[in-house]
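To keep things clear, I will list the structure first and then write my remarks on it.
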Amino acid sequence: MMKKILIINGPNLNLLGVREPGIYGSESFEQYLPQLQAQFPDVDIAYYQSNVEGELINKMQEVGFSYDGIVLNAGAYTHTSIALHDCIRSLRCPVVEVHISNVHQREEFRHHSMISAACKGVICGFGLDSYRLAVEGLRK
């Protein structure tokens with residue numbers, strides 16, 4: 001049976017390709033997604049993005065009991081959201097935290113994640129390839 005994985009991007013990640021290309025690159029997630037899906041023909045990879053914390057929680061609760069995994073780039077909510085942490089802990093499927101940049105090479109406030117302890121793993125600093133690494137980890 002084909003695995004189902006949902007990639008969720010949080011606030012401002014709808015601006016990938018435009019927002020700070022020196023940090024996040026010049027490719028939008030919509031441009032990258034077909035490449036990622038082609039690399040994993042045995043995985044049904046869906047995508048969701050929202051700038052609203054509650055919508056991210058609603059989506060995780062919607063799929064967190066039927067999907068095989070979630071790849072979550074919570075953006076700035078990574079550093080502030082106990083609500084996302086609590087949601088991740090309540091799900092049946094594993095969640096991998098992903099960041100495009102190496103958050104530990106950036107501003108001090110980005111060095112702490114409120115969600116890491118609830119996640120199966122954390123991947124950061126490999127650009128958009130961070131998502132591929134997360135999917136690879138979840139498909140095992």
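Computed from a prediction, not measured in an experiment: that's the story for all the values here. Along the sequence shown, residues are numbered consecutively beginning with 1. Just the heavy atoms: all of them, side chains too, but no hydrogens, waters or symmetry mates, feed the values below.
Distance check, rounded to the nearest 0.5 Å: CG of Leu138 to CG of Leu133 gives 11.5 Å. One distance of note links CD1 of Ile88 with CD1 of Ile57; it measures 9.0 Å at 0.5 Å rounding. Residue Ile45 holds its CD1 atom at 11.5 Å from CZ of Arg132, rounded to the nearest 0.5 Å. Rounding to the nearest 0.5 Å gives a distance of 9.5 Å between NE2 of His99 and OH of Tyr131. Separating the CG atom in Leu84 from the CG atom in Leu56 is a distance of 6.0 Å, to the nearest 0.5 Å.
A donor-acceptor pair shorter than 3.5 Å cannot be found between the side chains of Glu97 and Thr78. Using a 3.5 Å distance cut-off with no hydrogens or angles, the side chains of Tyr47 and Asn9 do pair a donor with an acceptor.
In terms of modelled atom types and a separation under 3.5 Å, the side chain of Asn102 and the main chain of Cys124 share no donor-acceptor contact. Asp68 places no side-chain N or O within 3.5 Å of a backbone atom of Ile5 that could act as its donor or acceptor partner.
For the pair Val98 and Ile7, the minimum side-chain heavy-atom distance is 4.5 Å or more. Side chains of His85 and Arg89 form a contact here, defined as non-hydrogen atoms less than 4.5 Å apart. With a 4.5 Å cut-off on side-chain heavy atoms, Ser130 and Ile100 do not count as touching. Looking at Glu136 and Phe40, their side chains come closer than 4.5 Å, going by heavy atoms from C-beta outward. Two residues are said to be in side-chain contact when any heavy atoms from C-beta on lie closer than 4.5 Å; Leu16 and Leu128 meet this criterion. The shortest side-chain heavy-atom distance between Tyr24 and Leu15 does not fall under the 4.5 Å cut-off. Side-chain contact check for Tyr48 versus Val63: every heavy-atom pair is 4.5 Å or farther apart. With a 4.5 Å cut-off on side-chain heavy atoms, Gln49 and Ile8 do not count as touching.
Under the 4.5 Å side-chain heavy-atom criterion for ILVMFWY residues, a single connected hydrophobic cluster contains both Leu33 and Val96. Note on Ile123 and Leu36: same hydrophobic cluster, where clusters join Ile, Leu, Val, Met, Phe, Trp and Tyr whose side-chain heavy atoms are under 4.5 Å apart, directly or indirectly. Note: the hydrophobic cluster containing Val135 does not contain Leu72 (ILVMFWY, side chain heavy atoms under 4.5 Å, direct or indirect links). Both Tyr32 and Phe126 belong to a common hydrophobic cluster when Ile, Leu, Val, Met, Phe, Trp and Tyr are linked at side-chain heavy-atom distances under 4.5 angstrom.
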Next on the checklist: Before you tell me yes or no, could you show the steps for Leu91 and Phe65 under side-chain contact (heavy atoms from CB on, under 4.5 Å), namely the whole-Å CA-CA distance, both residues' side-chain angles and the distance that decides it to 0.1 Å?
Outcome noted: CA-CA 6 Å; Leu91 304 177; Phe65 298 92; 4.0 Å; yes

Checklist entry - Can you check side-chain contact (heavy atoms from CB on, under 4.5 Å) on Leu13 and Arg19, steps first, answer last? => result CA-CA 8 Å; Leu13 292 166; Arg19 174 188 178 209; 4.3 Å; yes

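Contact between Ser66 and Glu62 at its shortest, heavy atoms only, is OG-O, 4.2 Å. Minimum heavy-atom separation, Glu53 to Ala83: OE2-CB, 3.9 Å. Closest heavy-atom contact between Glu27 and Gln35: OE2-NE2, 2.7 Å.
For the side chain to side chain contact (heavy atoms under 4.5 Å, CB included) test with Met60, the passing option among Cys93, Ser90, Cys87 is Cys87; the others fail.
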